[in-house]
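Read the structure below first, then the notes.
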Amino acid sequence: MRLYIKQKVLSLKQKYDITDEFENPHYHIESKLISLGRQLTIWDMDGNEKAFVKQKLVSLLPRYVVEIGGTEVAQICKKFSLLKPKYEIEGIGWKIEGDYLSHDYSITENGRIIAAIHKKWLSWGDAFELDIDDNADEVMALAVILAIDAVMDAKSDTH
């Protein structure tokens, strides 16, 4: 399935929908305005929480925890690297490859592409196109993508 993330530019609290190619909303993303570390919730359009992504504060490099149904299922960790960012997904056997700085990367499992992420450059605000191979992987893939985006946003906030 092809999904689109279009983040709002002028907003104190991150709040946006993830839509399909016809602009039909599939998920709603909302961050907490005041929290220790970044926290995002993925909701379906019926208002059911599908996943919770939170920054782990006691960590040398950025680390995000993904919870589904209140249970931790994965951690997304930024790895030490001198030239370009590297990430690792712990807990589910997925790998991340590509150019994170250009927001053009893929998530794979045993050579099979789970999701491909591409940034849409000519848009107001951040806009991403996501190709997710299997609907069963949608929520987890979204959580991983949002965690990587949060790390990239935090890095740009410090410059």
Side-chain angles (χ1 to χ4, degrees), residues 1-7 13-18 26-32 35-44 48-121 123 125-159:
M1 169 163 281
R2 185 165 287 163
L3 296 174
Y4 296 87
I5 299 174
K6 185 161 173 51
Q7 297 172 334
K13 182 178 181 181
Q14 284 190 332
K15 208 176 188 180
Y16 49 91
D17 288 335
I18 296 177
H26 283 251
Y27 299 97
H28 178 75
I29 309 301
E30 197 167 318
S31 70
K32 290 194 175 186
S35 66
L36 292 174
R38 291 186 177 209
Q39 297 181 10
L40 299 165
T41 305
I42 301 172
W43 306 90
D44 67 15
N48 301 308
E49 180 179 304
K50 301 307 281 181
F52 182 65
V53 180
K54 66 180 178 183
Q55 182 179 11
K56 196 167 186 173
L57 295 177
V58 183
S59 179
L60 183 60
L61 293 171
R63 180 179 290 264
Y64 281 78
V65 174
V66 176
E67 294 178 1
I68 294 179
T71 302
E72 181 180 314
V73 293
Q75 288 193 24
I76 294 82
C77 317
K78 184 171 185 198
K79 297 310 219 179
F80 180 75
S81 174
L82 294 175
L83 299 177
K84 64 181 188 174
K86 292 184 181 188
Y87 297 90
E88 180 177 294
I89 305 170
E90 296 176 353
I92 55 175
W94 291 2
K95 295 185 186 278
I96 309 170
E97 303 166 342
D99 186 352
Y100 309 104
L101 297 175
S102 296
H103 298 280
D104 188 16
Y105 59 93
S106 60
I107 300 169
T108 62
E109 179 180 44
N110 298 323
R112 177 180 72 91
I113 295 177
I114 304 287
I117 298 85
H118 310 284
K119 183 168 185 169
K120 303 303 251 176
W121 288 103
S123 67
D126 284 341
F128 303 94
E129 180 180 271
L130 318 172
D131 287 313
I132 301 174
D133 187 49
D134 186 345
N135 290 351
D137 295 327
E138 269 184 12
V139 171
M140 181 58 75
L142 286 172
V144 169
I145 293 162
L146 292 171
I148 292 171
D149 187 54
V151 172
M152 299 296 284
D153 282 349
K155 183 179 177 187
S156 67
D157 289 347
T158 60
H159 291 359

- Query: Given the rule in the side chain to side chain contact (heavy atoms under 4.5 Å, CB included) test, do K15 and H28 qualify, once you have shown the distances and angles that lead to the verdict?
  - Reply: CA-CA 7 Å; K15 208 176 188 180; H28 178 75; 3.7 Å; yes
- Do the side chains of V144 and Y87 get nearer than 4.5 Å, heavy atoms only?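 Counting from C-beta outward, Y87 and V144 never come under 4.5 Å.
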- Could you tell me whether the side chain of I18 reaches within less than 4.5 Å of the side chain of F128, counting heavy atoms only?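 F128 vs I18: side chains apart.
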- Criterion side chain to side chain contact (heavy atoms under 4.5 Å, CB included) against F52, the qualifying member of T41, V66, I42: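 With F52 as partner, T41, V66, I42 yield a single side chain to side chain contact (heavy atoms under 4.5 Å, CB included), made by T41.
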Looking only at heavy atoms, what is the nearest atom pair of [X] and [Y], with distance?
{"X": "L146", "Y": "L40", "answer": "CB-CD1, 3.9 Å"}
{"X": "C77", "Y": "R63", "answer": "SG-NH1, 3.0 Å"}
{"X": "V73", "Y": "M140", "answer": "CG2-CE, 3.0 Å"}
{"X": "G37", "Y": "Q55", "answer": "CA-OE1, 3.2 Å"}
{"X": "I92", "Y": "I89", "answer": "CG1-CG2, 3.6 Å"}
{"X": "D44", "Y": "K50", "answer": "N-CG, 3.7 Å"}

With rounding to the nearest 0.5 angstrom, report the [atom1] to [atom2] distance, [X] to [Y].
{"X": "I76", "Y": "Y64", "atom1": "CD1", "atom2": "OH", "result": "10.0 Å"}
{"X": "K78", "Y": "E88", "atom1": "NZ", "atom2": "CD", "result": "14.0 Å"}
{"X": "E67", "Y": "Q75", "atom1": "CD", "atom2": "CD", "result": "10.0 Å"}
{"X": "E49", "Y": "E30", "atom1": "CD", "atom2": "CD", "result": "11.0 Å"}
{"X": "I107", "Y": "I132", "atom1": "CD1", "atom2": "CD1", "result": "8.0 Å"}
{"X": "D133", "Y": "E138", "atom1": "CG", "atom2": "CD", "result": "11.0 Å"}

- Task: Show the numbers, then the answer: is there a side chain to side chain contact (heavy atoms under 4.5 Å, CB included) between E129 and D131?
- Result: CA-CA 7 Å; E129 180 180 271; D131 287 313; 4.1 Å; yes
- In sequence, state the C-alpha distance, the side-chain angles, and the governing distance for S31 and R38, and then conclude on side chain to side chain contact (heavy atoms under 4.5 Å, CB included). CA-CA 7 Å; S31 70; R38 291 186 177 209; over 6 Å; no
- Query: Hey, mind stepping through L142 and V53 against side chain to side chain contact (heavy atoms under 4.5 Å, CB included) and telling me if it holds?
  - Reply: CA-CA 10 Å; L142 286 172; V53 180; over 6 Å; no
- Pair D134 + R112: basic N to acidic O under 4.0 Å: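 Looking at D134 and R112, the cut-off is not met.
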- Message: How about CG on L57, more than 12 heavy atoms from neighbouring residues, nucleotides or ligands closer than 6.0 Å, or not?
- Response: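 More than 12 heavy atoms, drawn from other residues, nucleotides or ligands, come within 6.0 Å of this atom.
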- Task: May I ask you to check whether over 12 heavy atoms, not counting those of I113, lie within 6.0 Å of atom CD1?
- Result: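 Open.
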